[in-house]
2 protein chains.
Amino acid sequence: MTSMRKKSAADLPLQLGNQLCFAVYSTAHAFNRVYKPLLDRLGLTYPQYLVMLVLWERDGLSVKEIGERLFLDSGTLTPLLKRMEALHFIRRTRSAEDERQVIVTLTAQGAGLRDKARSIVPPAILDATGCSLAELADLHGKLVRLREHLNAAVEG
Amino acid sequence: MTSMRKKSAADLPLQLGNQLCFAVYSTAHAFNRVYKPLLDRLGLTYPQYLVMLVLWERDGLSVKEIGERLFLDSGTLTPLLKRMEALHFIRRTRSAEDERQVIVTLTAQGAGLRDKARSIVPPAILDATGCSLAELADLHGKLVRLREHLNAAVEG
DNA sequence: CACAATTGAATTGTGAACAATATAATTGTT
DNA sequence: AACAATTATATTGTTCACAATTCAATTGTG
């Protein structure tokens, strides 16, 4: 009967990790579904929007630097950036100092999208969360700490 | 100069929604990277592992019922379940009472994987989070509430 | 200077995720 | 019973996400 285990009280804490991961996973999808109709009005997907947020903050970053900020690698970013270039939101140019690097810069259209994005997205998101600012800040801080623990665990 | 806005203090609360969403999104990826080497030893991907968790809890569910528990639709689940069937973890059979439904049942191999999964996954996850049980429970509860708000916002 | 090691992007292949559409079975209505 | 609406699954096409590999440019070392 050794393999005929029933639910035991000792399993409950162990299941918490699984449950938390699923909560994160499914909340990410829920967020995506909220963002989608908003970002459709800008012609962006959510990962593309993240790239725009990064570039609006600091233009002219390399693919590597964008990847560091978003925790994404070139296998994800290269095709994504090519699509954004085809949509005329950004330009990709080889760096003159270091020919290995590709520098990503906003086009006028991409830079101009910022104000429209700012007026559409954040208010709707804030509303959809149904959270107070204090709750949002609390959750944000705890998730960042958790993410750092997880990333550290993968390294070590 | 109307479009030459600078960072204003009023933007900070508005950016919290964006920041929270990115924290959720990037934490989901971080979790995935922690799970991957563990699930590789079981021959499962994370979404496949979620299906197994659901079936270990209650075998013989329809595709629809699995989708309700995981917030996924048939466009995602059908190919995923076909891959799991090809790996002999599950079987897919049309229901006799309602020929529209496909009932998913564990194979002996799939059912047998449970104990191995239980010994490998939860302890490693718990460790990687670096959180106390109280912190995990707190975060889990808050994320579930947030997810429900977001899902409600998409419906209405 | 030569050349091995490293770095930054790109490429290839697999597996999600989801919108939109299609198809077949079931249910509801008259 | 006929047939319109609904339901459950499957299919198609697009976009991530990432491991593994490739390739060219740069850096480090003798």
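Predicted model only: the values in this text are computed from it and were never measured. Order of the sequence lines fixes the chain letters, A, B, ..., with proteins taken first and strands second; residue numbering starts at 1 for each chain.
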Worksheet item: Do we see a donor-acceptor contact under 3.5 Å between the side chains of N18(A) and Q15(A)?
Response: yes

Item to complete: Measure from CG on L80(A) to C1' on dA9(C) and round the result to the nearest Å.
Response: 14 Å

Item to complete: Return yes when atom CZ of R33(A) has more than 12 non-hydrogen atoms of other residues, nucleotides or ligands closer than 6.0 Å, and no otherwise.
Response: yes

Worksheet item: The side chain of R83(A) lies closest to which of these nucleotides: dT9(D), dC18(D), dT15(D)?
Response: dT15(D)

Worksheet entry | Length of the line joining K64(B):NZ and dT26(C):P, which is rounded to integer Å | 16 Å

Worksheet item: Under 4.0 angstrom, heavy atoms only, what part of the nucleic acid is L77(B) near: base, sugar-phosphate, or nothing?
Response: nothing

Discussion item. Checking base pairs now: Watson-Crick or wobble, both atom distances under 3.5 Å. What partners dG30(D)?
Written reply: dC1(C)

Worksheet item: Any N or O donor-acceptor pair linking the side chain of S74(B) to the base of dA10(D) at under 3.5 Å?
Response: yes

Worksheet item: Between the main-chain N or O of R92(B) and the side-chain N or O of E85(B), is there a donor-acceptor pair closer than 3.5 Å?
Response: yes

Worksheet entry | Earlier contact from the 5' end, DNA chain D, for R33(B) and A96(A) | R33(B)

Discussion item. Given dA10(D), dA10(C), dA17(D), identify the nucleotide with an atom nearest to the side chain of R92(B).
Written reply: dA10(D)

Practice prompt. Starting at atom CG of L81(A), determine the distance to atom P of dA9(C), rounded to an integer number of angstrom.
Written response: 10 Å

Worksheet item: Between H29(A) and V102(A), which has a closest nucleotide on DNA chain C that is more 5'?
Response: V102(A)

Discussion item. If you count heavy atoms of other groups shown closer than 6.0 angstrom to CZ of R69(A), is the number above 12?
Written reply: yes

Worksheet item: According to a strict under-4.0 Å criterion, is R100(A) in side-chain N/O contact with OP1 or OP2 of dT27(D)?
Response: no

Discussion item. With a cut-off of less than 4.0 Å, is there a side-chain N or O of R94(B) near OP1 or OP2 of dA8(D)?
Written reply: no

Practice prompt. Ignoring backbone atoms, test whether Y25(A) places a side-chain nitrogen or oxygen under 4.0 Å from the OP1 or OP2 oxygen of dA17(C).
Written response: yes

Response to the item:
Checking dT9(D), dA17(D), dA9(C) against the side chain of V63(B) (C-beta onward), the nearest is dT9(D)

Worksheet item: Out of I103(B), D98(B), V102(B), which one pairs with S62(B) under the side-chain contact (heavy atoms from CB on, under 4.5 Å) rule?
Response: I103(B)

Discussion item. By the 4.0 Å heavy-atom rule, please label E65(A) as base, sugar-phosphate, or nothing.
Written reply: nothing

Item to complete: Whole angstrom is fine here: how far is it from CD in E99(A) over to P in dT7(C)?
Response: 19 Å

Practice prompt. Round to a whole Å and report the spacing from OH of Y35(A) to C1' of dA17(C).
Written response: 18 Å

Worksheet item: Quick one: is dA8(D) close enough that its OP1 or OP2 comes under 4.0 Å of any side-chain N or O from S62(B)?
Response: no

Discussion item. With a cut-off of less than 4.0 Å, is there a side-chain N or O of K82(A) near OP1 or OP2 of dT14(D)?
Written reply: no

Worksheet item: Heavy atoms under 4.0 Å, any strand shown: does E97(B) hit a base, just sugar-phosphate, or nothing?
Response: sugar-phosphate

Discussion item. In this structure, how many angstroms lie between the P atom of dC16(D) and the CG atom of L39(A), rounded?
Written reply: 11 Å

Discussion item. On the nucleotide dA10(D), are OP1 or OP2 found under 4.0 Å from the side-chain N or O atoms that T78(B) carries?
Written reply: yes

Response to the item:
In whole angstroms, the gap separating C1' of dA17(D) from NZ of K36(B) amounts to 11 Å

Discussion item. Please tell me if T45(A) has a side-chain N or O lying less than 4.0 Å from either OP1 or OP2 of dT14(D).
Written reply: no

Worksheet item: With no hydrogens and no angle check, do the side chains of S26(B) and R147(A) hold a donor and an acceptor under 3.5 Å apart?
Response: yes

Worksheet item: Rounding to a whole Å, what distance do you find between Q101(A):CD and dT6(C):P?
Response: 19 Å

Worksheet entry | Q48(A) side chain near dC16(D) phosphate (N/O to OP1/OP2, under 4.0 Å) | yes

